[in-house]
Amino acid sequence: MANLNASSNRPLSPHLSIYKPIPTMVMSIIHRITGAALYFGTILVAWWLISAASSEAYFEWVNGFFGSFIGRLILFGYTWALVHHMLGGIRHLVWDTGRGLEKETATKLAYATISASIVITVILWVIGYAVN
Amino acid sequence: MSGSINELRTPLSKVRGLGSAKEGTDHFWRQRLTAIANVPLILFFLWTVISLNGASHKDVVAHLSSPIVAIVMLLVIISGIVHMKLGMQTIIEDYVHSDRTKIALLILNIFFAFTMGLGACFAILKLAFGG
Ligand code: HEM
């Protein structure tokens, strides 16, 4: 009897939209989004490899697409997603050892991940243009 | 033997230690294993595509058909595909709660992973074995 209202009075965990975004939480979401983006980005990798194995004409056509403005934009996004997800993933692997979980450290790691991912992506593209 | 009435796990399930998904820590373990493997493999992949930026078809084919490059590229694809298949499975299980849709998406995930993996590996092998 005393429990009649047990379920209606239960405290609820706030919904995602109520939380104030904090760096570690944003990084966690970005890790998932970049993972999903890379999942579909695999189509690009397979397409490129299959075109190279098909014929010169088809390879040139696919290369032309990747070299176009839209193509470069997609590849730039793909590079960033890959670098960010890799750094975020390494962060996860460090956490798995029980290290780096203190609040301040985790927040610093979050800022380090986002900054490093942008810097490394730009460096990779500079190298790409330099060797071209 | 477990005595308490509050203990819902049977002795057999405790011994097996596989939990409700019946796969224990297998998913977690493979996800981490492939994550570790992915680090050097993805660095190799990035290095490969960057060095081939703007290269002719002939040069790309010549580079990808060298045995070492082909073998490591196969590892890149295999580790990447297993990892992304497990990752997407987690995402689906987290957000999709109706059994029908969930099972349909889990099936699609497996089909996608196999098709991409096989397609990419076939292309690498075709290049490696001489175009
Ligand atoms: C470059 C090296 C990579 C590392 C170190 C890495 C690491 C990780 C780790 C540790 C997780 C688990 C995160 C968690 O438990 O919350 C994860 C999830 C995931 N990864 Fe990767 N990964 C890498 C590359 C890739 C690639 C190339 C793809 C796709 C082709 C990919 C797709 C995914 C997906 C879809 C998830 C699930 C995301 C989630 O559950 O939030 N990863 N990755």
Side-chain angles (χ1 to χ4, degrees), chain A residues 29 31-64 66-67 72 75 78-83 85-97 120-121 123-132, chain B residues 28 31-32 34-36 38-43 45-47 49-65 70 73-74 76-77 80-81 83-88 90-92 94-95 109 112-113 115-131:
Chain A
I29 296 169
H31 189 76
R32 175 155 282 191
I33 293 175
T34 52
L38 293 171
Y39 181 89
F40 294 106
T42 304
I43 296 174
L44 302 176
V45 179
W47 192 31
W48 181 70
L49 287 169
I50 291 168
S51 78
S54 298
S55 70
E56 182 169 358
Y58 188 57
F59 178 80
E60 290 306 336
W61 188 82
V62 172
N63 237 0
F66 284 139
R72 276 166 211 257
L75 290 184
Y78 179 84
T79 315
W80 175 75
L82 194 55
V83 172
H85 186 90
M86 178 165 73
L87 296 177
I90 293 171
R91 211 173 31 127
H92 267 280
L93 296 174
V94 172
W95 284 333
D96 286 345
T97 70
I120 293 173
T121 304
I123 292 175
L124 289 178
W125 275 67
V126 169
I127 298 174
Y129 277 108
V131 300
N132 187 345
Chain B
F28 179 88
Q31 180 94 44
R32 304 296 136 158
T34 52
I36 294 167
N38 277 352
V39 177
L41 291 172
I42 291 297
L43 290 175
F45 170 75
L46 281 169
W47 175 63
V49 288
I50 289 172
S51 63
L52 288 175
N53 180 34
S56 69
H57 181 247
K58 198 166 140 280
D59 289 346
V60 171
V61 172
H63 187 76
L64 292 179
S65 59
M73 278 301 285
L74 287 170
V76 170
I77 299 298
I81 292 283
H83 176 87
M84 73 166 205
K85 182 260 168 192
L86 292 167
M88 188 51 80
T90 306
I91 297 179
I92 295 167
D94 276 357
Y95 299 132
N109 181 35
F112 180 82
T115 310
M116 289 302 131
L118 191 79
C121 287
F122 176 83
I124 296 168
L125 290 173
K126 182 162 185 272
L127 288 164
F129 293 141

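Order of the sequence lines fixes the chain letters, A, B, ..., with proteins taken first and strands second; residue numbering starts at 1 for each chain. In this text the structure is predicted, and so the values were computed from the model without any measurement.
Rounded to the nearest 0.5 Å, atoms NZ (B/Lys85) and OG1 (A/Thr42) are 14.5 Å apart. One distance of note links CG of B/Asp94 with CZ of A/Arg32; it measures 4.5 Å at 0.5 Å rounding. Here CE of B/Met84 is found 9.0 Å from CZ of A/Phe40. Values are rounded to the nearest 0.5 Å. Atoms CE and OH, from B/Met116 and A/Tyr39 in turn, are 9.0 Å apart once rounded to the nearest 0.5 Å. B/Leu46 CG to A/Leu82 CG: the interatomic distance, rounded to the nearest 0.5 Å, is 5.0 Å.
Proximity to chain B is limited to the side chain of A/Glu60, based on heavy atoms less than 4.5 angstrom apart. Heavy-atom distances place the side chain of B/Ile124, and not its backbone, under 4.5 Å from chain A. With a 4.5 angstrom heavy-atom cutoff, A/Tyr58 does not touch chain B via any of its atoms. Interface residue B/Ile36: backbone and side-chain heavy atoms are both found under 4.5 Å from chain A. Using a 4.5 Å cut-off between heavy atoms, A/His31 does not touch chain B at all. Residue A/Ile43 touches chain B through both its backbone and its side chain, counting heavy-atom pairs closer than 4.5 Å.
Inspection of the A/Tyr129 and B/Asn53 side chains reveals no N or O donor paired with an N or O acceptor under 3.5 Å.
The two residues A/Ala52 and B/His57 have their closest heavy-atom pair at O-NE2, 3.0 Å. Heavy-atom minimum distance, B/Leu127 versus A/Leu49: CD1-O, 4.2 Å. Of all heavy-atom pairs between B/Ala123 and A/Ala53, the closest is O-CB, 3.7 Å. Scanning all heavy atoms of the two residues, the minimum distance from B/Ile50 to A/Gly128 falls at CG2-CA, 3.7 Å.
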### Task
Report the C-alpha distance between B/Val60 and A/Trp48 in whole Å, list the side-chain angles of each, state the deciding distance to 0.1 Å, and finish with yes or no for side-chain contact (heavy atoms from CB on, under 4.5 Å).
CA-CA 11 Å; B/Val60 171; A/Trp48 181 70; 4.1 Å; yes
### Message
side-chain contact (heavy atoms from CB on, under 4.5 Å) for B/Val61 and A/Phe59? Distances and angles first, verdict last.
### Response
CA-CA 10 Å; B/Val61 172; A/Phe59 178 80; over 6 Å; no
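Using a 4.5 Å heavy-atom cutoff, the side chains of B/Phe122 and A/Ile50 are not in contact.
Most heavy-atom pairs under 4.5 Å with chain A: of the set B/Ile77, B/Ile81, B/Ile42, this distinction falls to B/Ile42.
Partners of A/Leu75 under the side-chain contact (heavy atoms from CB on, under 4.5 Å) rule, at least two apart in sequence or in another chain, are A/Leu44, A/Phe66, A/Trp125.
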Just distance, no hydrogens or angles: give the donor-acceptor pairs under 3.5 Å from side chains in residues 86-96 of chain A, sequence neighbours left out.
| residue | atom | partner | partner atom | Å |
| --- | --- | --- | --- | --- |
| A/Trp95 | NE1 | A/Gly100 | O | 2.9 |
| A/Asp96 | OD1 | B/Arg32 | NH1 | 3.4 |
| A/Asp96 | OD2 | B/Arg32 | NH1 | 2.8 |

